Amino acid sequence: MKLDKDYWEEKWESKKTGWDIGYSSPAIEAYLSHYQNTEAKVLIPGCGNAYEIDVLWKLGFRNVTILDFAPTAVQILKDKCKEMKGVSVICEDFFNHHGTYDLIIEQTFFCAIPPSLRIKYADKMHELLNKDGRIIGVMFNRNFKESGPPFGGSISEYKLIFEKYFEIQKMEECYNSIQSRRGSEIFINFKKEI
Ligand code: SAH
């Protein structure tokens with residue numbers, strides 16, 4: 001099965017968006033509420049309904065890019081964000097995206113891509129970040145019985161992938177996960193040092 005744009009677009013068109021929790025993850029919200037620099041350039045890749053945008057907007061972030069390659073998702077977001085000056089909605093494959101960011105938000109995107117692309121994901125994230133930039137967000141710390149997506153994993157697997165690219169400032173059990181993901185999610189904060 002190819003997890004390409006057509007695969008995801010079909011999910012969006014048929015409303016099989018089982019990953020969508022309906023609001024932004026409280027763990028991400030808590031992190032953002034303490035993030036001082038609202039001038040930061042922020043990217044949310046594989047953003048789906050991008051609920052985080054409401055939080056960012058309320059906090060005063062005005063330099064935000066949200067990206068997904070499923071046209072249906074992007075249309076929903078374009079309608080939602082049309083009054084939000086400073087929010088760019090892009091329909092593009094993450095791996096082809098160019099830009100420079102201070103903060104990239106991860107929420108159910110890493111687990112959506114094939115595990116064979118995980119190193120490419122880390123490499124691309126590194127390329128997209130400014131020095132001292134970081135990826136923050138949540139990742140699964142469990143495996144799934146059915147073949148993915150979502151694809152699971154563990155702290156030790158992720159460490160092997162990301163430590164070559166980032167300083168792993170945090171990768172630990174998430175204490176403020178939503179109920180259905182409690183105990184199966186970690187909070188990550190990876191900083192680009194060089
Ligand atoms: N972050 C959202 C959506 C997660 S589902 C949430 O948590 O609700 C994964 C999303 O990533 C889908 O909307 C899919 O269309 C998108 N996606 C998957 N691979 C992608 C890629 N290579 N480039 C851009 N978007 C991608």
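Order of appearance sets the numbers: ligands from 1, and atoms from 1 within every ligand. Remember, it's a predicted structure, so these values are computed and weren't measured experimentally.
- With hydrogens left out, the protein atom closest to atom 13 (O) of ligand 1 is Asp68 OD2, 2.7 Å, a heavy atom.
- Atoms of ligand 1 lying under 4.0 Å from any heavy atom of Phe109, numbered from 1 in the order shown and given with element: 11 (O), 17 (N), 18 (C), 19 (N), 20 (C), 21 (C), 26 (C).
- Within the structure, the closest approach of Lys5 to ligand 1 does not fall below 4.0 Å when heavy atoms are considered.
- Of all the atoms in ligand 1, the ones that sit under 4.0 Å from a non-hydrogen atom of Gly48 are 2 (C), 3 (C), 13 (O).
- The number of heavy-atom neighbours closer than 6.0 Å to CD of Glu193, taken from other residues, nucleotides and ligands shown, is above 12.
- Listed by first and then second residue, the salt bridge (Lys or Arg N to Asp or Glu O under 4.0 Å) pairs that reach into residues 16-26 are Glu10-Lys16, sequence neighbours excluded.
- Under a 4.0 Å N-O distance rule, the pair Lys159/Glu163 qualifies as a salt bridge.
- Remark: among candidates Phe110, Phe94, Phe69, Tyr23, the nearest residue to atom 20 (C) of ligand 1 is Phe69, based on non-hydrogen atoms.
- Residue contacts with ligand 1: Asp93 is included, with a non-hydrogen atom under 4.0 Å away.
- Distances from atom 11 (O) of ligand 1 to the heavy atoms of Ala112, Gly137, Gly46 put Gly46 nearest.
- In this structure, Cys174 and Met139 have side chains that are not in contact, with every pair of non-hydrogen atoms separated by 4.5 Å or more.
- With Ile113, Leu117, Thr108 as candidates, the residue nearest to atom 9 (C) of ligand 1 on a non-hydrogen basis is Thr108.
- In terms of polar-atom proximity, Ala73 is not counted as a contact of ligand 1, lacking any N or O under 3.5 Å from an N or O of the ligand.
- The residue from Phe109, Phe110, Trp8 that alone fulfils the ring-ring contact (aromatic ring centres under 6.0 Å, His included) condition with Trp19 is Trp8.
- Judged purely by atom type and a 3.5 angstrom limit, Gln107 has no side-chain atom pairing as donor or acceptor with the backbone of Gly137.
- Distances below 4.0 Å separate heavy atoms of Ala70 from the following atoms of ligand 1: 15 (O).
- Scanning the protein for heavy atoms near atom 1 (N) of ligand 1, the closest one is Gln107 O, 2.7 Å.
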Go through it in stages, so that I can follow the logic: the residues are Lys192 and Asp132, the test is side-chain contact (heavy atoms from CB on, under 4.5 Å), and I'd like the CA-CA distance, side-chain angles, deciding distance and then a yes or no. CA-CA 5 Å; Lys192 174 169 167 171; Asp132 296 329; over 6 Å; no
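- Looking at Glu92 against ligand 1, only its backbone comes within 4.0 Å, counting heavy atoms.
- Atom NZ of Lys124 has more than 12 heavy atoms from other residues, nucleotides or ligands within 6.0 Å.
- Among all non-hydrogen protein atoms, the one lying nearest atom 6 (C) of ligand 1 is Trp19 CD1, 3.7 Å.
- A donor-acceptor pair is defined here as one N or O able to donate and one able to accept, closer than 3.5 Å; no such pair exists between the side chain of Lys5 and the backbone of Asp93.
- In terms of hydrophobic clustering, with Ile, Leu, Val, Met, Phe, Trp and Tyr side chains grouped at heavy-atom distances under 4.5 Å, Phe190 and Ile119 are assigned to a common cluster.
- Counting heavy atoms under 4.0 Å from ligand 1, residue Cys47 touches it through the backbone alone.
- Distances shorter than 4.0 angstrom occur between a heavy atom of Trp12 and an atom of ligand 1.
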